[in-house]
Amino acid sequence: MTELVGSRSPELTAKMDKATYDADGDGVVDEAAAAPWSGITGKPSTFAPSTHNHDDRYYTESEMNTKLNGKANSSHTHTKDQVGLSKVNNNAIGMGYDGNLWISFS
């Protein structure tokens with residue numbers, strides 16, 4: 001006799017045999033993932049969101065726009081003088097790795 005998945009009622013014997021509906025033996029009906037939405041019964045007609053609030057940990061869209069408008073574009077640049085590096089000579093003439101990373105400057 002074929003083992004049944006779920007209830008062992010006689011009316012399910014022909015419809016729910018394990019070899020057909022749980023071929024991999026994991027206890028889950030293999031074709032459940034393929035059920036069409038229209039074939040699911042007992043589902044609510046609407047899915048109202050649960051009651052919740054957005055406290056002061058969240059920014060509003062207007063607050064975020066204000067913050068983002070105050071940021072510099074990612075394509076902007078600065079000179080060495082503008083960032084306090086005017087006396088640094090960063091003309092690298094050599095660089096390598098021989099177990100240690102080395103850079104030689106002119």
Side-chain angles (χ1 to χ4, degrees):
M1 176 168 172
T2 304
E3 182 182 351
L4 299 177
V5 177
S7 171
R8 293 187 184 271
S9 63
E11 59 273 6
L12 292 179
T13 302
K15 296 179 184 177
M16 293 296 295
D17 67 283
K18 186 171 182 162
T20 301
Y21 292 100
D22 187 20
D24 59 7
D26 65 355
V28 177
V29 176
D30 299 333
E31 295 297 319
W37 184 247
S38 61
I40 299 172
T41 60
K43 64 184 185 265
S45 58
T46 61
F47 296 89
S50 59
T51 302
H52 67 285
N53 64 22
H54 293 258
D55 57 26
D56 61 358
R57 292 177 292 177
Y58 299 93
Y59 290 112
T60 64
E61 181 178 1
S62 175
E63 290 170 324
M64 281 308 302
N65 286 341
T66 298
K67 289 181 178 299
L68 292 171
N69 287 338
K71 299 284 184 190
N73 292 330
S74 61
S75 61
H76 80 282
T77 61
H78 296 279
T79 65
K80 290 191 317 183
D81 290 340
Q82 290 172 319
V83 295
L85 298 173
S86 60
K87 298 187 186 297
V88 174
N89 180 353
N90 61 347
N91 297 321
I93 60 169
M95 165 176 190
Y97 182 78
D98 58 5
N100 293 302
L101 177 62
W102 57 267
I103 302 172
S104 63
F105 296 95
S106 58

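Model, not experiment: these values are computed from the prediction. Numbering starts at 1 and runs along the sequence shown.
In the displayed structure, Glu63 atom CD is contacted under 6.0 Å by more than 12 heavy atoms of other residues, nucleotides or ligands. No more than 12 heavy atoms of other residues, nucleotides or ligands shown are found within 6.0 angstrom of CG on Asn73.
Although no hydrogens or angles enter the test, the distance criterion places a donor-acceptor pair under 3.5 Å between the side chain of Asp55 and the main chain of Arg57. One N or O on the side chain of Asp22 and one on the backbone of Asp26 form a donor-acceptor pair closer than 3.5 Å.
The shortest heavy-atom contact between Tyr97 and Leu101 is CD1-N, 3.6 Å. The two residues Tyr59 and Lys67 have their closest heavy-atom pair at CE2-CE, 3.2 Å.
Residues Thr66 and Leu68 have side chains not in contact (no heavy-atom distance under 4.5 Å, counting atoms from C-beta outward).
Note that the OG1 atom of Thr77 and the CD atom of Gln82 stand 7.5 Å from one another [nearest 0.5 Å].
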